[in-house]
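Order of listing sets the numbers, starting from 1, for every ligand and every atom in it.
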Amino acid sequence: MIPLKTPSEIAIMRENGRILALTLRTICEEVTLGKSTVSLDHLAEELIRKAGAEPAFKGYQGYPATICASINDEVVHGIPSERLLKAGDILSIDIGLFREGLYADMATTVLVGEIDDDEVHHLLRVTEESLWRGIKRVTIGNRLSDISHAIGSYVKSKGLHVVREYVGHGIGRGLHEDPQIPNYGLPGQGPRLQPGMVFAIEPMVKTDPEPTRVLDNNWTVVTATGGLAAHFEHTVALTERGVDVLTLGGE
Ligand code: MF3
Ligand code: CO
């Protein structure tokens, strides 16, 4: 069952999304070589709490931090650490918050320093564009898998590979609600999209085709052969007026 949100719930989620986007923008501006991801994590927690919200991930199934900070071949769920960022790293930051009973969730991938590597720029561009291709499919009457297909077919056409082991999701009073939103699949399947649905759409894309694996810390997801990975995510609501990207305000 996909829980529908009322306009007033969506209004709260929009404010949550705005706070989250501003927070993530600030964190991204702090990304420089020589900095640790744990310092970014502490700043994120401070900013979220100052805004009257709570970190969504901290304590979620025992997750120990406010952000996920995934570097290079780390795909998602990288745990912030004292490891220092170096020029040429790519850093995916995933962040969520909870306020007034409702969640917001988003992610982006940034470069550390200047990177003169076409493969890296291609990976980031394609992953972000695939998110927007998915978001464009969020219209009344479309089917859920139209989102999945738009993302997966675009990524494939660009010679890259979506992660199949992790998916986007409904979001609202829970961080993860129905439905699951894979980043691949045939179009025209699954429920029809209706006003009041809110989704976290989150393509994870990598340069190698093999399935990911999880490190011994039981969290960090890495590519099988050391290929790079990127991750972009927005929380979006479908309203009578069409799709509304709630996690904007960060640009
Ligand atoms: N954006 C991720 C998700 O939607 C982050 C959650 S991971 C955890 O699933 F850290 F919270 F566990
Ligand atoms: Co998510």
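- Using bins of under 30°, 30° to 60° and over 60° for the plane-to-plane angle, the ring pair Tyr63/Phe57 lands in the perpendicular bin.
- Residue Trp219 touches ligand 1 through its side chain alone, judged by heavy-atom distances below 4.0 Å.
- For atom 5 (C) of ligand 1, the nearest non-hydrogen atom from the set Ile95, Asp94, Asp105 belongs to Asp94.
- Salt-bridge annotation for Glu129 and Lys158: absent, with no side-chain N of the basic residue lying under 4.0 Å from a carboxylate O of the acidic one.
- Among all protein heavy atoms, the one lying closest to atom 9 (O) of ligand 1 is His176 NE2, 2.6 Å.
- Under 2.8 Å from the Co ion (ligand 2) lies no N/O/S atom of His176, from backbone or side chain alike.
- Nearest heavy-atom pair across Ile2 and Asp178 is CG2-O, 3.9 Å.
- Restricting Asp105 to its N/O/S atoms, the shortest distance to the Co ion (ligand 2) is reached by OD2.
- The number of heavy atoms from other shown groups lying within 6.0 Å of CD (Glu210) is above 12.
- Relative to atom 4 (O) of ligand 1, the option among His77, His169, Gln61 with the closest non-hydrogen atom is His169.
- Note on Glu202: its N/O/S atom closest to the Co ion (ligand 2) is OE2.
- Scanning the protein for heavy atoms near atom 10 (F) of ligand 1, the closest one is Tyr63 CG, 3.2 Å.
- When non-hydrogen atoms are compared, ligand 1 lies under 4.0 Å from the side chain of Cys68 (C-beta onward) but not from its backbone.
- With 3.5 Å as the limit, one finds a donor-acceptor pair spanning the side chains of His176 and Tyr60.
- With a heavy-atom cut-off of 4.0 Å, Phe57 touches ligand 1 through backbone and side chain alike.
- A salt bridge links Asp89 with Lys86: at least one charged nitrogen is closer than 4.0 Å to a carboxylate oxygen.
- Looking at Thr109 and His231, their side chains never bring a donor and an acceptor atom within 3.5 Å of each other.
- Nearest N, O or S atom of Glu233 to the Co ion (ligand 2): atom OE2.
- Residues Asn183 and Met204 form a side-chain contact, since some pair of their non-hydrogen atoms from C-beta on lies under 4.5 Å apart.
- For ligand 1, the polar-atom distance check finds no N/O of Tyr60 at less than 3.5 Å from any of the ligand's N/O atoms.
- A salt bridge does not link Lys50 to Glu45: none of the charged nitrogens lies less than 4.0 Å from a carboxylate oxygen.
- When each atom of ligand 1 is checked for a heavy atom of Glu233 under 4.0 Å away, the hits are 1 (N), 4 (O).
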